[in-house]
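Only one structure is covered here, and it is reproduced in the block below.
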Amino acid sequence: MARLAWRDTPEAYGLVTRGLHWTMATLFAWQWLSMACRLIFGRTPVTAVMVGSHAPVGTVLLLLVLVRIGWFLANRHRRPSHAGDRLAGLARAGHALLYLLMLVIPAIALLRHYGAGRPLSILGVPVLQARPEKIEWMIAPANAVHGWLGWLLLAVVVGHVGAVLLHRFVWRDGVAARMMGRSPG
Ligand code: HEM
Ligand code: HEM
């Protein structure tokens with residue numbers, strides 16, 4: 001059996017796309033888990049550690065989605081196409097919505113963080129310094145929709161996983177294997 005290629009092919013997503021997909025899925029799961037624990041258990045020593053990682057992990061997710069968009073563009077003519085898939089239009093629209101939310105949610109949160117003059121460090125490396133003055137227009141968008149869009153993304157991902165399960169166990173076509181299976185070569 002041939003090894004998986006680094007780049008995408010029309011038959012399957014390559015190693016880089018898969019690495020980005022599964023690393024980001026894990027970090028997103030952590031974001032939802034930590035926010036859900038905060039809502040359910042309130043402020044405890046454990047939830048404080050989880051919530052304390054929310055902004056740095058979210059910032060890493062923003063960097064990763066920028067890389068992912070670049071990789072998508074570089075591979076767009078060679079990756080698996082939806083032509084001929086069941087509900088191809090829905091799949092394309094769903095993936096586009098996932099990309100949009102993955103970008104907007106951390107972007108507006110980071111803008112608020114900066115506008116509020118809060119400090120930020122990632123693994124001990126300072127990224128933003130604290131400032132006393134606040135910039136209201138930078139704070140407003142995330143105050144209005146960041147948390148709400150964060151939960152909307154979770155709902156869209158639940159639909160995405162439901163579609164993958166349909167492909168795998170009901171329609172039994174090769175769509176799930178394009179991101180999860182071995183090399184088709
Ligand atoms: C990239 C992925 C991210 C996801 C999926 C996400 C998701 C969420 C969710 C679901 C909530 C809970 C809302 C509630 O209480 O019901 C939340 C709150 C919050 N997030 Fe994020 N977040 C992300 C990135 C970030 C980043 C990069 C920052 C800061 C730089 C940030 C700062 C905050 C803050 C301060 C809150 C509490 C206030 C609020 O609800 O707006 N988040 N986030
Ligand atoms: C257990 C969780 C997940 C499973 C089983 C899963 C599975 C898959 C599969 C099989 C594909 C290929 C579908 C196709 O070729 O049409 C795919 C693509 C995709 N998935 Fe997921 N996924 C999961 C979580 C996530 C999460 C959390 C996100 C984003 C927040 C996400 C975003 C995407 C996107 C944007 C694509 C299109 C390919 C790309 O550009 O990377 N997935 N996923």
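One-based numbering, in listed order, for ligands and for the atoms of each. Positions are given from 1 along the sequence.
Residue Val164 approaches ligand 2 through these ligand atoms, each under 4.0 Å from one of its heavy atoms: 7 (C), 8 (C), 9 (C), 10 (C).
Looking only at heavy atoms of the protein, atom 38 (C) of ligand 1 is closest to Arg112 NH2, 3.7 Å. In this structure, the protein non-hydrogen atom closest to atom 19 (C) of ligand 2 is His160 CE1, 3.4 Å. The protein non-hydrogen atom at the shortest distance from atom 40 (O) of ligand 2 is Tyr99 OH, 2.5 Å.
In this structure, Ala91 falls outside the shell of residues with a heavy atom less than 4.0 angstrom from ligand 2. Heavy-atom separations between His167 and ligand 2 are all 4.0 Å or longer. Not a single heavy atom of Arg168 sits closer than 4.0 Å to an atom of ligand 2.
Distances between N or O atoms of Thr17 and those of ligand 2 include no value under 3.5 Å. Of the polar atoms of Arg118, none of the N or O atoms is found under 3.5 Å from an N or O of ligand 1, judged by distance alone. For the pair Trp151 and ligand 1, the shortest N or O to N or O distance falls below 3.5 Å.
When atom types are taken as modelled, the side chain of Asn75 and the backbone of Asp8 share a donor-acceptor pair closer than 3.5 angstrom.
Looking at Arg38, His54, Met24, it is His54 that brings a heavy atom closest to atom 31 (C) of ligand 1.
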